[in-house]
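Okay, structure first, notes after.
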Number of protein chains: 2
Amino acid sequence: MNLYEQQQPPRKRNVTQMMIAHGVNLTKQRRIIADVLFERNQHVTADQLFDLVKQTGCRVSKATVYNTLGLFARKGLVREIFIDASRTFYDSNNSHHHHFYNVDTGDLIDIKDRLAAHFIEQDLPEGTSMDVVDLVVRVKNIKP
Amino acid sequence: MNLYEQQQPPRKRNVTQMMIAHGVNLTKQRRIIADVLFERNQHVTADQLFDLVKQTGCRVSKATVYNTLGLFARKGLVREIFIDASRTFYDSNNSHHHHFYNVDTGDLIDIKDRLAAHFIEQDLPEGTSMDVVDLVVRVKNIKP
DNA sequence: GGTTAATATTAGAATTAGTCTAAATTTAAA
DNA sequence: TTTAAATTTAGACTAATTCTAATATTAACC
């Protein structure tokens, strides 16, 4: 069994449609941010995304990048990954998957396993429903 | 199948022995911190633990609490749980388990499931070994 | 035990990711 | 088109955590 997500072909996603579908109002800045973010599957911090946006020449404030990522996360357009207290990543691939995080290299790799979640879904605490399964498998390099 | 960790009877753990076993040098402050931390299975932030220590009347600086928790985590005495960018919990139960986190209430509950980890362990990225599996199942209250 | 080297502790300063504020602007509604 | 609601912005602010560098404690060695 292979847990790795197949490298998906670069998707030309219709971000406008995505945003509407998720109940996110369209604005100029949100389009700019979404265009950069959903250009490909990636894991970025808010700061990294801010820089990426800047590189396009469009001006969007840092506050808006933070606000927009928070909004996108709440609306299910992106997934938040909390690696540690100073490393919050946003995953532009919002499909159900998990991650390998290499504590040595900082690499963050997708896992396509769904089993854990299915398993757990059957036995949630009383009165609750599943929100999100965050599974981060921290791996380290085998030292030579 | 029941995923919940049985509430373990309050353990009177020998913290001195634990620290030696994990290669942590003994100091007055570390004993104080460990005594409070391992008094029972609990999830605490560094700040909460700092307060708990203060309540015992012993004086330990905040920096030492942070340093010591970091050290304990590196040495495997406690587990770090990153709930979000401003919420790092330390779990005094370092045995292999996962968590339910209720995004509505902030409750953090143990899960005893081991299956996910076993599964993943068989297919790690090339050249890496398992460090830690962090599985946080975020649940939300079913609204009435 | 006494001397030296290594480790640990401390208060407070510094950092930094992220949030807040309040004014200006844009978008939606009526 | 006038009004209301939502969004953006720069920069101030917050809070968790780390850093600094001086002091104190512990371990290592003779």
Side-chain angles (χ1 to χ4, degrees), chain A residues 15-16 19-20 22-37 43-54 56-75 77-91 103 106 108, chain B residues 15-16 19-20 22-37 43-54 56-75 77-91 103 106 108:
Chain A
V15 298
T16 307
M19 287 166 73
I20 293 166
H22 284 83
V24 172
N25 287 344
L26 270 165
T27 70
K28 209 176 66 195
Q29 288 86 345
R30 288 176 184 170
R31 277 265 352 192
I32 294 166
I33 291 169
D35 279 341
V36 173
L37 182 57
H43 308 116
V44 289
T45 64
D47 236 45
Q48 286 168 353
L49 186 58
F50 176 65
D51 286 341
L52 288 174
V53 167
K54 221 180 338 194
T56 69
C58 304
R59 245 213 65 73
V60 178
S61 76
K62 188 168 281 198
T64 298
V65 173
Y66 274 92
N67 291 341
T68 301
L69 283 173
L71 176 69
F72 283 6
R74 277 195 311 281
K75 297 293 191 178
L77 277 162
V78 300
R79 284 275 304 273
E80 285 173 315
I81 311 165
F82 302 108
I83 292 297
D84 63 44
S86 66
R87 241 183 288 262
T88 300
F89 285 96
Y90 290 86
D91 191 339
V103 295
L108 197 52
Chain B
V15 297
T16 307
M19 287 166 74
I20 293 166
H22 285 83
V24 172
N25 288 344
L26 269 166
T27 70
K28 208 176 67 195
Q29 288 84 346
R30 287 177 186 170
R31 277 263 354 192
I32 293 166
I33 291 169
D35 278 343
V36 172
L37 182 57
H43 309 117
V44 289
T45 65
D47 235 45
Q48 286 169 352
L49 187 56
F50 176 64
D51 285 341
L52 288 175
V53 166
K54 223 182 333 193
T56 68
C58 303
R59 244 214 65 71
V60 178
S61 76
K62 188 168 279 198
T64 298
V65 172
Y66 273 93
N67 290 342
T68 301
L69 283 173
L71 176 69
F72 283 5
R74 281 197 308 284
K75 297 294 192 174
L77 277 161
V78 300
R79 285 275 304 275
E80 283 173 318
I81 311 166
F82 302 108
I83 293 297
D84 62 44
S86 66
R87 241 184 288 260
T88 300
F89 285 95
Y90 291 87
D91 191 337
V103 296
L108 197 52

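Lettering of chains follows the sequences in order, A, B, ..., and the numbering in each one begins at 1.
Protein atom CD of B:Gln48 is 15 Å distant from nucleotide atom P of D:dA15, rounded to whole Å. Per the geometry, CZ belonging to B:Phe50 stands 14 Å off C1' belonging to D:dT17, to the nearest Å. Remark: P of D:dT14 and CZ of B:Arg87 are 19 Å apart, rounded to the nearest angstrom. When rounded to the nearest whole Å, the span between CG of A:Leu49 and C1' of C:dA17 equals 15 Å.
Counting only heavy atoms from C-beta outward, the side chains of B:Leu37 and B:Leu69 approach each other to under 4.5 Å. Contact annotation: the side chain of A:Asp84 never approaches that of B:Thr88 to less than 4.5 Å [non-hydrogen atoms, C-beta and beyond]. By the 4.5 Å heavy-atom criterion applied to side chains, A:Asp47 and A:Lys62 are counted as neighbours.
Applying the 4.0 Å criterion to OP1 and OP2 of D:dT18, one finds that B:Tyr66 has every side-chain N and O outside that range.
When the side chain to side chain contact (heavy atoms under 4.5 Å, CB included) test is applied to B:Leu26, the partners found at least two apart in sequence or on another chain are B:Thr16, B:Met19, B:Ile20, B:Arg31. Shown here are the side chain to side chain contact (heavy atoms under 4.5 Å, CB included) partners of B:Thr27, two or more places apart in sequence or in another chain: B:Gln29, B:Arg30.
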> Which parts of nucleotides 4-12 of chain C does protein reach within less than 4.0 Å, heavy atoms only, written one letter per nucleotide 5' to 3' as B for base, S for sugar-phosphate only and - for none?
Replying inline: ---SSSBB-

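Along DNA chain C, the nucleotide nearest to A:Ala85 and the one nearest to A:Leu26 differ in position, and the one closer to the 5' end is contacted by A:Ala85.
Note on A:Thr88: only backbone sugar-phosphate atoms sit closer than 4.0 angstrom, heavy atoms only; bases stay farther off.
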